[in-house]
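A short write-up of the structure that comes next.
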Amino acid sequence: MPDETFIMGLFKDEGKAAKVILELAAAGFSFRRAHSPIPSHRILEALKLKKGRVGWFTLAGGIFGFFTGFALAIFTAVQWNMIVSGKPIVSLIPFFIVGFEFTILFSVFGNVIGLLVCSRLPDYRGLETYDPRCSGEHFGVLAACETGRAGELMDFFQKKGGEVKVFA
Amino acid sequence: MNSTMPSVQAGGDAVPQRSLFTLGAFLTVAGLVAFLAGLFGPHPQRVWQAFLINFLLWSAMAQGAVLFSAVTHTVKARWADPLSGLSEAFAGFFPLSFVCFLILLIGRNHLFPWLHADLHGKEIWLNIPFLFTRDGIGFLILYGVGWAYLSQDLKLKLRAPGPAAGLRRLLAGRIPQTDADLQRVQGRKTLWGGLYCFVFALVLSLIGFDLVMSMDPHWVSTLFGAYHFVKAFYVGLGALIILAAIIHLRRGSSAGLAATHFHDVGKLFFAFCLLWADFFYVQLTVIWYGNIPEETHYVILRTVTPPWNALAWVVFIVCFIIPFVVLINRRVKTMPHAMIILCGMVIIGIWLEHLLLLGPALNHEAAELPLGLTDGFVFIGFMGLMVLAVAYTLKTFPELLPPARQGAR
Amino acid sequence: MTDLTYAQIDQTILNTLERPRPRYWFFVVLVLCGVLLGAGAWTYQIFVGIGVGGQNIPVAWGTYLINFVFWVGIAHSGTLISAILHLFRAGWRNPIARAAETMTVFAVCCAGLFPFIHLGRVWQVYFMLPLPNQRFLWPNFLSPLMFDVVAISTYLTVSSLFWYTGLVPDLAVVRDRSTGLRYKVFRILSLGWSGAHRQWLNYSRGYLFFAALAPPLVISVHSVVSWDFALGVVPGWHTTIFAPYFVAGAIHSGLAMVLTLMIPLRRIFRYEAIITVNVLENVAKTMILTGLIVGLAYGTEYFIAWYSHNAVEWESFRWRAIGEYAYGLYFMIICNVLLPSLFLFKAVRRSIPWLFALSLVVNFGMWWERFVIIVGGVAHDFAPHAWGLYAPRLVEYCVMVGSFSLFFFLFLLFCKHLPSVSMTEMKETAHHAG
């Protein structure tokens, strides 16, 4: 495999960054990642990404939680198996509260797990090809090219109005 | 689109046609015939029950629909602007609702179980003169404030008197000319809008206590008033969505209503579905858990005893389970046909819910549900009245229709 | 707010994380002393017994429960601001969302302490966990107190996760501007966040789901707390309106606490361009709504108490107005309903001194509301021979001071070590405006 150089173009304007992404492929460079300090709809549109899959994790968690909550309440009630306060041993009206809270709790667990899994966080290795200015006011576009063409890529970025950072 | 005929431009082909008025009149007459037939039949009590239930339901729809515009204006939710005119169009039903309220007076002997009962001191609150006076004043204030709000909004939307100049001039008054005028009208609109929200909560709570809860005079639930006004907003939103969907279907994509509007108002509808169910559950849990016979008899009669228990399940499924499951899906909210069916179903569900609350109090020892063809016809009759009222309002003030999108074919 | 650049936003907020002046440490030590005072009182109570508090028959629930409900209430409006207003796409929430969410987490922590404190024999708290024991005794999930366990722990977990998730992009910003130990710590805490497109894509979805799950949680948790009272048969407690009434009251007191915290914060950290008067005004406007709801609930309770013609219920409300704790009722009505209605006047709700003063008034009034409900309910219930009074004792006052101190202690630490305004969300606001 030929040696690859990673170069990031940093732009202060979101629109410029989005345009650059669209033009990278045409220029023969390989796009890797786009960094931004805020979620950028234009960049996501330029990348034509589908909606994330986090929701499925949340839903799965919620369904699991719903049944777990009821199961817990029903199981513990059936163990004692005596009428308390004249209420039936398995009373769905109050147990619904437990089920509801567990639904929310496990939906949130599912949400967090989904978020971590789908975003591939924690990701400390990705910081090796990252410029700290991307969390400030710059939008970063990380592209890869053969080492020989590194100069071309740098020019490409600079002509579009961006600053450049080269990663070894 | 020339600017010399603004009132024709606004609305376009969504302005109600004559056929709609004919339909409305036909439905109203059908209902009226059934009502009169029942009145002079062997069981006038049944038809008065139907009248009360429908009066409450359709008035709630109108009051709740207008609330949408008042609330979104007060919180400055800009997304709701195209829908606000449609929501205000329901204010056309207010006079009809008030007349129907007065008609209740005629049926008082059939409607109020406490009329000749020994109330151990509650008579000073539950007696016909006081009840009708306070509720009448409440309605007058609510409807007056609603119309004042409508009037301010019309001042902002109208550009010229146009046809039917009489009513338009009456309601809209002087059109603001200068910027200072506009500011003043905006300020007044915010004031009346805020007042409407406040009066809505108070008056609908009062109506809930007086016309629904008091039918079983020895039962109380402090949340009942709030439950009634949450219900009203729920069905009001449903009615608004149906109207918006119909207009969208008639006009096509050049209507000022985009998918996002339907999505947003659909989400609000979903939220109030949840809130309605929550207010229902909150009352149920407290009463069930306390297990105090004074309170539980009401709930047991309606949820456990036949024939009402089946109705209770139907209400729960139609008003909560089905809308909850269906509306979780994002796309459904933007499909006008689906929303018309869903909202229509919820309206019928809340109609049944009124029957569930009022029926056992008005039909002691009922062996079967007091639900028959007559009830259906009276429902249709009120639907006709609503159609006439909203159609007339939109015809007189086509500016209430969402402004056609610029440059759309 | 709209003419701030990203760089200005970052700088203003990161400046607050600079080395604090001695005055800061003075306040931290001061509230720490309060915390120690409360901890000391609690330790004393553990060794001597719950009886050192003022609670007794008939008022078995005193300031510990009042403070529990008070802190849970405060927590709710944090979630309202950060989650519910996010769903409504109300941009004015962005400057205060972070601090509000932090307030939630710390308030739930404080609230969660009170069931322990009130338990007396705190080592027995494990009874509430669903673990099998040698006598096959399980907790009874029919009890509202068990609903509380489930609800409060869920709320604490969810709020903390929501808070942390919201912090991650900001932690990355701090990491990128730090060196040395702070860099290392924030590098770990920020989970290697780099703002990559895939991360933002999933983050936005996840955050939206958090925001969608939070409102049902807010409503259910405070409903559950209200059911600690409403599911009993005590007159003045057993009433269906409690759940929405408590939720509205919670948001009312929480918004007041937001103002109480934000106003000094913006002054000390020079956040005037970020937390503008418009933002504070919107908080005040929301308080008009919650104040009216709470007022409607007060009126409805009184009306239904009369309407029901239930002698015990009416006696409870009659005594509430003219009995030994009547001053509590008047504090409640004046401070929660009448005075906040001054916010209807634009001049009042745009004046910083008025906003601050009224926020303190509402917090005071809402504390008294819980007193009137909790203490007033059991002090004067069914049988006259069982009527009795209650006054908090020194231990309870110390614990209360301790809980307020703990809250401010945590909040002070937060302000100086974590970004108290969300830089990311501020940039989003600037972005959509510019």
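Predicted model, so just to flag it, every value in this text is computed and none were measured. The sequence lines fix the lettering, A, B, ..., with proteins before strands; numbering per chain opens at 1.
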Okay, C:Leu161 and chain A: the region with an atom under 4.5 Å from a heavy atom over there is side chain
Nearest atoms (heavy-atom pairs only) where C:Phe141 meets A:Val98: CD2-CG2, 3.8 Å
Select one option (side chain, backbone, both, neither) describing which atoms of A:Phe109 are under 4.5 Å from chain C's heavy atoms. side chain
Residues which pass ring pair (Phe, Tyr, Trp, His ring centres under 6.0 Å) with A:Phe29, listed by chain and number, not counting sequence neighbours: A:Phe156
CZ/C:Phe88: more than 12 non-hydrogen atoms of other groups inside 6.0 Å: no
According to ring pair (Phe, Tyr, Trp, His ring centres under 6.0 Å), who are the partners of A:Phe66, at least two apart in sequence or on a separate chain? A:Phe70
Need one label for C:Val168: side chain, backbone, both or neither, based on atoms under 4.5 Å from any heavy atom in chain A. neither
Max heavy-atom pairs within cutoff under 4.5 Å with chain A, candidates C:Val150, C:Val149, C:Leu201, goes to C:Leu201
Under 4.5 Å to a heavy atom of chain A? For C:Pro216 that would be both
By a 4.5 Å heavy-atom criterion (distance strictly below it), what part of C:Val173 contacts chain A: side chain, backbone, both, or neither? both
Can you tell me which portion of C:Leu137 sits under 4.5 Å from chain A's heavy atoms? Options are side chain, backbone, both or neither. side chain
At a 4.5 Å cut-off on heavy atoms, which part of A:Ala77 comes close to chain C: side chain, backbone, both, or neither? neither
About how many Å separate CG of A:Leu115 and CG of C:Leu191, when rounded to the nearest 0.5 Å? 10.0 Å
Against chain C, label A:Val108 side chain, backbone, both or neither, depending on which of its atoms sit under 4.5 Å from a heavy atom there. both
Top contributor to chain A interface from C:Leu208, C:Leu231, C:Leu213 [non-hydrogen pairs under 4.5 Å]: C:Leu213
Most heavy-atom pairs under 4.5 Å with chain C, out of A:Leu116, A:Leu72, A:Val84, belong to A:Leu72
Excluding sequence neighbours, so at least two apart, what forms ring pair (Phe, Tyr, Trp, His ring centres under 6.0 Å) with C:Phe242? C:Tyr245, C:Phe246
Compile the donor-acceptor pairs, distance criterion under 3.5 Å only, formed between chain C and chain A.
unit_1   : atom_1 : unit_2   : atom_2 : d
C:Asp176 : OD2    : A:Tyr130 : OH     : 2.6
C:Asp176 : OD2    : A:Ser135 : OG     : 2.7
C:Ile188 : O      : A:Tyr124 : OH     : 2.8
C:Leu191 : O      : A:Asp123 : N      : 3.0
C:Ser194 : O      : A:His35  : ND1    : 2.6
C:Gly195 : O      : A:Ser36  : N      : 3.0
C:His197 : N      : A:Ala34  : O      : 2.8
C:His197 : ND1    : A:Ala34  : N      : 3.1
C:Trp200 : NE1    : A:Ser36  : O      : 2.8
C:Trp200 : NE1    : A:Ser36  : OG     : 3.3
C:Asn202 : ND2    : A:Cys118 : O      : 3.1
C:Gly206 : O      : A:Asn111 : ND2    : 2.9
C:Ser220 : OG     : A:Glu101 : OE2    : 2.9
C:Lys427 : NZ     : A:Ser135 : O      : 2.8
C:Lys427 : NZ     : A:Gly136 : O      : 2.8
C:His431 : NE2    : A:Glu14  : OE1    : 2.9

Taking every non-hydrogen atom, the tightest pair across C:Leu142 and A:Phe95: N-CE2, 4.1 Å
